[in-house]
Every structure is written in C-alpha cells, then in structure tokens.
Amino acid sequence: MSDDAKIVGMNSGTTNPTSERKRVREARAPVADLFDRKPELYWLDFGVTVVLTWALVAVYFSTEAWSPMQLGAVFLAAIGVFRAGTFMHEIVYFKSGEMVAFRWAWNLLLGFPILMPWVLYRNHIEHHSRRHFPTPGDGEYLPLAATPPLETVKYLLQPVLLPPLTFLRFGIFGPLSHLSPRLREWLLTCASAAATNPYYRKRFPARHEPELIRSEWFCFAWLVLLVALTVFGPMRPVHWQMAWALLSLAFGLNWLRNLAAHGYANDGEPRSHIGQLQDSFNLTGQTWLTFWLFPAGLRYHALHHLLPGLPYHQLGRAHRRLLAGLPSDHPYHRCNHDSYFRIVGRLLHDAWKHRGQRAILRRWQAGYGY
C-alpha cells in the first residue's frame, strides 16, 4: 500500500471493544519489560542538553549582530530549547512522587525562564482520552486537513505570538488575577494550558492549582528580574527582541513537527484507542530532518498513542519489537511512514480541497461545552 493510501486510510477507526482489547494486548505483551524509567538517563540527557543550550544562548546574545556565528548560535540554541522542552512531555507521565527533583530542575533550568512551566501541560493527558481525542475538547488537535488552508496558516503563526502572550499571562494578568475572581476564572479557563488548539477552553483542574500558583510566582519573579536588569543593568530592549526571536523559532520547530503527528482530518467525533492509533504516525525515515525535528522519541507518535506509558528512551526498542512480533494485520503496521514531507503534503493538499468548507471549523469555534 502506498504512503498516500495509508494516510487516507487512517480515518477509518476500529470500534469493537473486544477487538480493541485484543489489539492492545498484542502490542503490550512484547514490550511489557520496557515501561520502567531510567532516572539517570533523564538527568544526563536533560543536563547535557540544557547546559549546551544556555551556552549557545550566551553566544547568541554576546556576538556581533547578524554575524554567521550569531545566526548559527540562535539556530542551534532553538533546537536545544526545543529538545530540552520535550522532557515536559515525559514529566506529565511521571507517577505521583516520582522524580520530584527532576521536575523542579526542569522548571528552574528551562520551564520558568521560557515561561512554560510543565504544569501547563497537564491537559496533554486529554489528548489520549477516548472522550476528547480528536474533538474540540482536545487541546492538541485541529482538523487542519478538513478545513480551509487559512487554518494551517493561523496554526503556524502561533509560535510567533506565544512569547508575548506568555509575558502578558505571567507578568501582568497572573498577579492581577489574584485581585479579581472574574479575571482569575478567565485566566484559568482560557490561558492555563499548553495547547495548539486556539479554540480550546477548559478550566484548569482545581486540585493542581497550588502547583500552578507556585509556578506563576516563579515566572513573575523571573520577569521582574529581567525588567530590573533592563532598567538598571546590562540588558537592553534589543535583548527582549532577540529572546522573542529565539523562543519563536524554538516553539516553531515543535509546531512544524506536530504537523506530521496526525492525519488531522477528523470531524470532531471521539475515537477509540485503536482509532487514535489509526490517526497517528510514526516517522521512521532516518534523515537529518528526523534527527533534529523529532528528538527524544517524538518520531514514534503512533506508538505513544498505542502505549502512552512507555518512556522516551525505550520507544525505539519497543518499535522494533512490535514490527517483528505483531501479526501482519495489526493496524500498527500501517502507521509507519518514511517521509515528513509526504505526510505534510497530503495535509496541505486535503486542506486546499476543503478551502470552501467551514462546517467542521465552526464546530471547533463553538467549543466543546466548557
């Protein structure tokens, strides 16, 4: 079967509960020993990545403007921020009390400085929910292939808007919201989730608010320090513009990567576990683009939807076992593609075909009843 045919075929889901359980059991059995995390690997990987990243950031801010060294430094620093940031995805799967020091280290060394504490990503669990995926209640799904191309353009503009919006969220609205219950509720509903779906609205869970409040004050303190350094110290207004460019590029890498995570052609109806798998992709081509754009196991997105609890450092081994051990009719075999550009090209082609259709888009714009 061709790649294009397989991509189109992702939209037909499996809904028989007995068959679903069988397919999941078939996949889990060969990799049952791979669910344990290796904390030392997390510390080493993240530690090396974040140290190199901040070193590159220092080069970026200290070298001659528009010089080859500065341009190279900002590009590599953005990749570093992106790669170190992917550990936020791992953190949301930690069990209660697991690797608490690592969570703090991630926030202090990356999350707070880029105004993206990991607690904002708690909504990611909904992305694997039978109730939410792939509906307007899923913060990480947009029907880009079934809506006009303008939606894809708007999607790709989000990384440029994100840095100033997070500045407003943590530097101004966050502190002020504690003086206004109405503003606080709006903030918790509309601006407290790391979502790529701009129509996503859901109140932040009350049980996790203490963690969010701590993160808000850490981010606010960081911004106060930066403002003070600008007024009294070595920072200049141009440095804020440079930070904006760096973060926009880093976030943009993730937005580009995410275009090849799913088919994005669903109409908003919930999908079963195997239905989620059938709308997800593994990018298996060993190319330079895969290396840079899909770090820390992100290339195995279909595998992640099939078995969400697998740690990132086991995904490659698990993928090889599944290819070798699963029956030939298992839907996992149809999720593997070797070309990022072919997947994204199909998405853009389908979006163009739907350029005059807005019915599905209106469903997202109306929200999900929150």
Side-chain angles (χ1 to χ4, degrees), residues 2-4 6-7 10 41-42 44-60 63 66-90 110 114 140 144 152 155-160 196 245-264 280-305 310-320 322-323 332-349:
S2 69
D3 265 1
D4 286 350
K6 287 188 286 185
I7 291 171
M10 292 298 148
L41 183 58
Y42 279 76
L44 178 62
D45 193 343
F46 173 70
V48 171
T49 301
V50 80
V51 167
L52 290 176
T53 297
W54 286 118
L56 288 163
V57 170
V59 173
Y60 167 53
T63 52
W66 301 105
S67 66
M69 181 173 288
Q70 188 193 55
L71 295 177
V74 68
F75 179 70
L76 293 175
I79 292 173
V81 171
F82 171 41
R83 191 182 195 286
T86 61
F87 284 89
M88 177 169 62
H89 180 264
E90 293 292 308
L110 188 73
I114 68 171
E140 299 179 55
L144 298 177
T152 303
Y155 167 84
L156 292 174
L157 288 175
Q158 289 184 49
V160 179
T196 56
L246 169 62
L247 293 178
S248 296
L249 181 55
F251 294 147
L253 291 174
N254 187 50
W255 258 248
L256 287 173
R257 184 275 311 176
N258 201 40
L259 285 175
H262 295 288
Y264 297 115
S280 306
F281 304 134
N282 291 330
L283 193 66
T284 55
Q286 303 295 316
T287 66
W288 62 270
L289 184 67
T290 305
F291 178 79
W292 293 112
L293 207 54
F294 294 82
L298 291 179
R299 70 176 64 184
Y300 300 111
H301 198 71
L303 173 54
H304 174 61
H305 270 268
L310 281 171
Y312 83 99
H313 54 82
Q314 300 286 21
L315 291 174
R317 183 183 302 178
H319 173 68
R320 291 187 291 273
L322 293 180
L323 289 184
Y332 184 77
H333 291 293
R334 298 189 293 277
C335 296
N336 302 299
H337 304 271
D338 60 6
S339 173
Y340 169 88
F341 295 106
R342 188 174 291 116
I343 293 174
V344 176
R346 169 57 62 178
L347 185 154
L348 298 176
H349 177 266

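- Side chain of T290 to main chain of G285: a donor-acceptor pair is present (N/O by atom type, distance under 3.5 Å, no hydrogens or angles).
- Residue A77 comes nearest to T53 through the heavy atom pair O-CG2, 3.7 Å, listed as atom of the first residue, atom of the second, then distance.
- Minimum heavy-atom separation, L110 to G85: CD2-N, 3.5 Å.
- When side chains are defined from C-beta on, L310 does not count as touching Y300, because their heavy atoms never get closer than 4.5 Å.
- Between the OG1 atom in T152 and the CG atom in L144 there is a gap of 4.5 Å [rounded to 0.5 Å].
- Between F82 and A250, the shortest heavy-atom contact is CB-O, 4.0 Å.
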Next item on the list: Go through the steps to decide whether Y332 and H305 satisfy the test ring-ring contact (aromatic ring centres under 6.0 Å, His included), and finish with yes or no.
Entry: CA-CA 10 Å; Y332 184 77; H305 270 268; over 10 Å; no
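- Summarising the geometry, atom CG belonging to L283 is positioned 5.5 Å from atom CD1 belonging to I343; distances are rounded to the nearest 0.5 Å.
- Between H262 and Y264, the ring planes lie perpendicular to each other; the angle is over 60°, past the 30° to 60° tilted range.
- Separation of atoms CG (N254) and CG (L298) is listed at 7.0 Å; rounding is to 0.5 Å.
- In this structure, Y340 and L256 have side chains that are in contact, with non-hydrogen atoms separated by less than 4.5 Å.
- A donor-acceptor contact shorter than 3.5 Å is absent between the side chain of N336 and the backbone of T284.
- Close placement of the Y42 and Y312 rings is indicated, their centers lying within 6.0 Å of each other.
- Proximity of E90 to H313: side-chain heavy atoms (C-beta onward) are nowhere separated by under 4.5 Å.
- L156 places a side-chain heavy atom less than 4.5 Å from the side chain of L259.
- Here CG of N282 is found 9.0 Å from CG of L315. Values are rounded to the nearest 0.5 Å.
- Of all the heavy atoms in T49 and G80, the pair that sits closest is CG2-O, 3.7 Å.
- A distance of 13.0 Å separates CZ of F281 from CZ of R334, quoted to the nearest 0.5 Å.
- Residues N258 and Y155 have side chains in contact (heavy-atom distance under 4.5 Å, counting atoms from C-beta outward).
- Rounded to the nearest 0.5 angstrom, L71 CG and M69 CE are separated by 11.0 Å.
- When side chains are defined from C-beta on, Y60 does not count as touching L76, because their heavy atoms never get closer than 4.5 Å.
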I'd like to know whether H319 forms a side chain to side chain contact (heavy atoms under 4.5 Å, CB included) with R299, so could you lay out the CA-CA distance, the side-chain angles of the two residues, the decisive distance to 0.1 Å, and finally the verdict. CA-CA 11 Å; H319 173 68; R299 70 176 64 184; over 6 Å; no
